[in-house]
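Structure first, then comments.
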Amino acid sequence: MPERSPAKRIAVIPGDGVGKEVMPEAVKTLKAAASKGGRELALTEFDWGADRYLRDGTTLPSDAVEMFRRDFDAILLGALGDPRVPDNRHAAEILLGLRFKLDLYANERPCVLFDSKLTPLKNRAEKDVSFWVIRENTEGLYAGIGGFFKKGTADEIATQEDVNTRKGVERIIRYAFEFARRRGLRRVCMSDKSNALAYGHNLWTRVFADLRREYTEIEASHMYIDNLLLQIVRDPSQFQVIVTCNLFGDIASDLGAGLIGGLGLAPSGNIHPGQVSLFEPVHGSAPDISGKGIANPMGATLAAGMMCEFLGWAAEAKRIEGAVRAAIAEGKTTSDLGGSLSTKQLGDWLAARAAS
Ligand SMILES: NC(=O)c1ccc[n+]([C@@H]2O[C@H](COP(=O)([O-])OP(=O)(O)OC[C@H]3O[C@@H](n4cnc5c(N)ncnc54)[C@H](O)[C@@H]3O)[C@@H](O)[C@H]2O)c1
């Protein structure tokens with residue numbers, strides 16, 4: 001009998017709203033793909049989210065980061081955010097806390113069109129929309145440095161610092177080049193706003209100019225972010241890998257999600273190569289549809305597929321993506337993609353397909 005590799009230890013945080021609906025479905029398909037490939041999974045669920053926060057004040061427990069580093073290979077997260085917590089404190093502390101404290105510096109967001117009928121762009125085929133946004137995930141305007149002066153008065157001042165370190169900029173640009181090289185992609189575009197942000201983004205421009213010399217086989221280009229967004233809509237086929245800062249990556253990847261069928265279908269990985277990393281759908285907790293059983297579980301399922309790839313389970317990743325592609329091709333979708341299946345019906349279909 002072939003020797004079995006040790007089980008991969010996965011932390012599952014369903015979170016809030018539709019996160020709690022899509023995550024069980026994603027896990028179902030993950031288990032089906034793993035079992036088909038003879039892989040072992042050890043799943044541990046954590047109940048962190050708004051209910052727990054409102055009950056006992058827990059957000060991210062103080063020992064969580066050490067525990068994840070020690071006891072887990074990867075984390076799967078549903079979504080966080082709840083109208084009962086208007087300042088979203090629990091969500092910020094859990095999600096941003098994990099991103100920052102686990103130093104998950106690379107946010108990988110595929111914008112890959114599975115079926116031309118899903119894009120709102122005219123006359124675009126699958127091959128025309130196939131790019132990845134690599135977003136810096138630990139710095140920039142999300143570093144949380146700033147403050148208020150004279151808050152609530154007519155003279156109020158609010159500041160938000162944009163943090164760009166040489167180490168941070170260099171490692172994300174290198175990540176993008178290595179990502180392209182690993183996948184045999186030929187084009188990397190770095191996007192900033194160095195014409196207006198003359199210090200922080202000047203650093204991006206200089207680091208990019210240095211690093212591109214190490215990757216001469218890759219066509220390296222630069223676009224200001226305003227032009228980049230215009231070009232993504234006008235002709236997305238120009239792009240294969242886009243690397244950019246935290247804020248611009250957040251925006252560009254949602255635009256990309258809009259081009260491939262919407263938020264219900266978009267996965268993402270928050271990655272530190274070689275260390276425990278976190279995978280999640282791009283969407284939030286969707287309070288407008290939560291509790292109705294109609295949320296699309298494909299984004300969460302594809303996030304589980306990205307996690308498999310990260311864990312070195314390439315065949316299982318392919319199997320999961322294949323199940324999602326087949327569902328779209330056969331019209332087995334939730335209402336956001338024009339179908340009539342419930343979250344659970346689609347989850348069952350995807351799991352059965354992944355097991356077949
Ligand atoms: N990573 C995260 O956990 C994350 C990301 C974004 C927003 N949020 C939080 O989620 C809450 C709601 O935010 P929002 O409304 O701006 O964004 P959202 O992503 O929750 O919803 C935006 C729109 O997309 C739709 N949508 C989202 N997920 C869907 C799915 N799986 N299937 C079908 N349709 C789906 C929603 O119905 C809504 O119309 C807020 O509290 C926000 O802070 C969390």
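First listed ligand is number 1; within each ligand, the first listed atom is number 1.
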Show the atoms of ligand 1 that are less than 4.0 angstrom away from any heavy atom in [X].
X	value
A79	3 (O)
A295	31 (N), 32 (N)
E280	1 (N)
D336	33 (C)
L80	3 (O), 8 (N), 9 (C), 10 (O), 44 (C)
G81	41 (O)
P287	12 (C)

With respect to [atom], which of [options] exhibits the smallest heavy-atom separation?
atom	options	answer
atom 42 (C) of ligand 1	N88, L337, L263	N88
atom 11 (C) of ligand 1	G15, S285, P297	S285
atom 37 (O) of ligand 1	D16, D288, D82, D254	D288
atom 2 (C) of ligand 1	L96, L95, V22	L95
atom 6 (C) of ligand 1	G262, G284, A257	G284

Please report the closest heavy-atom contact between [X] and [Y], naming both atoms and the distance.
X	Y	result
R124	S116	O-CB, 3.4 Å
A257	A266	CB-CB, 3.8 Å
R166	L203	N-CD2, 3.8 Å

Side-chain heavy-atom pair [X], [Y] within 4.5 angstrom cut-off:
X	Y	answer
K193	F248	yes
V188	Q240	no
D73	V276	no

Within the side chain of K117, is there an N or O that forms a donor-acceptor pair under 3.5 Å with the backbone of I328?
yes
Touching ligand 1 at all, A91? Heavy atoms, strictly under 4.0 Å?
no
Give a yes/no verdict on whether any heavy atom in V282 is under 4.0 Å from an atom of ligand 1.
yes
Starting from [atom], what is the nearest protein heavy atom, named by residue and atom, and what distance separates them?
atom	result
atom 34 (N) of ligand 1	I289 CD1, 3.6 Å
atom 32 (N) of ligand 1	N296 N, 2.9 Å
atom 26 (N) of ligand 1	A286 CB, 4.1 Å

Can you check salt bridge (charged side-chain N to carboxylate O under 4.0 Å, His left out) on D87 and R89, steps first, answer last?
CA-CA 5 Å; D87 64 359; R89 183 168 160 234; 5.9 Å; no
Heavy atoms of the protein only: does one fall short of 4.0 Å from atom 13 (O) of ligand 1?
no
Under-4.0 Å heavy-atom contact between protein and atom 16 (O) of ligand 1:
no
On the six-membered ring of Y175, is R181 placed so that its NZ or CZ lies under 6.0 angstrom from the centre and within 45° of the ring axis?
no
F177 and F208: CA distance, side-chain angles, deciding distance, ring-ring contact (aromatic ring centres under 6.0 Å, His included) verdict
CA-CA 10 Å; F177 277 118; F208 188 62; 5.7 Å; yes
Could you check whether D254 pairs with R109 (Lys NZ or Arg NE/NH1/NH2 to Asp/Glu carboxylate O, under 4.0 Å)?
yes
Note: E309-K318 ion pair, threshold 4.0 Å (strictly below)
no
For a side-chain contact (heavy atoms from CB on, under 4.5 Å) check, start with the C-alpha distance between L346 and E25, then their side-chain angles and the critical distance, and finish with the verdict.
CA-CA 8 Å; L346 179 51; E25 306 310 320; over 6 Å; no
Min N/O separation G264 to ligand 1 under 3.5 Å
no
So is there a nitrogen or oxygen of H283 less than 3.5 Å from a nitrogen or oxygen in ligand 1?
yes
